[in-house]
Amino acid sequence: MNKVKSITESGMRPPVTDAHLDLAFDLEKQRAYGKRAVLNRDYLPFFQAGGLTLVVSSIFVENLFVPEMALRMALRQIAALKADIADCADHFSFCVTHRDVEEANRQGKIAVMLSFEDCIPLYQDLSILPLFYELGVRFMGLSWSRRNFACDGSSLGPKEWGTPGGLTGFGIALVRRCRELGMLLDVSHLSPAGFADVLRYTDGPLIASHSNARAIVDTERNLSDDQIRLIAERKGFIGVNAMNFITSPEGMPENAAALAKHVAHIASIGGVECVGFGFDLNDQILKYIPQDELDIVPRKCGDVLHTHAELPLLIEELDRAGFNEKEQSLIAGENYMRLLRENLD
Ligand SMILES: [Zn+2]
């Protein structure tokens with residue numbers, strides 16, 4: 001019996017959270033071509049089948065538009081996300097605080113939050129950051145796997161990659177300003193030197209919204225055991241990522257069991273309270289990703305969970321891996337809700 005999917009006595013659904021989905025990216029594309037209520041049509045059935053209560057949408061701008069059009073594309077994505085939520089207001093609610101998310105749950109709706117994935121829309125202009133805060137962005141993923149004005153990203157694979165560095169002067173000012181504003185810093189995709197600098201120049205929690213364990217798949221895109229420990233020490237959060245090439249070593253099965261191994265490893269290093277989901281499901285949007293971005297990954301891209309409807313498969317694997325029901329609930333969503341309660345109330 002899967003307790004994670006059952007309704008509690010209070011009428012609230014148990015939290016099931018996904019800390020990273022390129023949702024606004026997809027909505028901007030589809031709405032530009034005249035589609036409406038995309039959330040209800042393309043996402044809701046899968047979200048409901050997985051019992052999802054909260055999803056964090058990234059703001060991700062592909063290389064094609066960087067840097068000249070990055071700001072416009074970021075704004076278009078936010079506009080598309082909000083417009084589509086308005087089309088689907090019976091089922092979705094845009095949220096910025098823990099309270100908002102709880103209220104959405106009480107109303108039986110799926111909460112949607114917003115995160116930068118790469119600060120490139122800012123160029124190097126900190127003065128516009130508070131405007132994004134006002135628009136409801138509460139997470140700052142500093143980089144994608146490329147260089148921007150603040151920092152370097154981490155390599156994803158075999159493509160030649162120059163030596164990455166830490167934070168720039170702008171990057172240091174940015175992380176400090178995020179802390180002042182109350183935006184949570186997200187270190188997924190950040191270079192190891194950048195990660196060290198974020199620790200050096202800020203206090204408070206960090207998250208890695210969609211990263212796996214480097215002990216299992218050895219790529220800088222995943223977290224070393226030391227990084228896992230440091231995030232856990234700061235009461236942060238790590239969401240495991242379902243992309244095949246950072247989940248399964250080459251030639252190994254690409255499935256829910258492989259992903260459960262990352263959960264188990266991260267829990268063994270940082271404790272079961274630091275780990276959850278940030279699936280980064282990409283199958284649906286791969287058709288929009290330009291070839292130069294696909295070229296930087298080591299093998300054909302795909303998800304080890306094909307939609308959120310397969311979430312129960314992962315819960316089964318967590319059960320098989322020895323996590324008890326309480327621990328499964330923490331991993332499925334309570335850990336992420338704790339992060340929101342402590343930082344975005
Ligand atoms: Zn990403």
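Counting convention: from 1, in listed order, for ligands and their atoms alike.
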Measure the CE-CG distance between Met73 and Leu64 for me, rounded to the nearest 0.5 Å. 8.5 Å
Aromatic plane relationship, Phe25 with Phe60 - under 30° parallel, 30 to 60° tilted, over 60° perpendicular: tilted
Salt bridge between Asp203 and Arg179, side-chain N to carboxylate O under 4.0 Å? yes
Determine which of the N, O or S atoms in Glu117 is closest to the Zn ion (ligand 1) and give its atom name. OE2
Can you check whether Phe139 reaches Phe116 side chain to side chain, under 4.5 Å on heavy atoms? no
His210: its N/O/S atom lying closest to the Zn ion (ligand 1) (atom name): NE2
Restricting His189 to its N/O/S atoms, the closest one to the Zn ion (ligand 1) is NE2
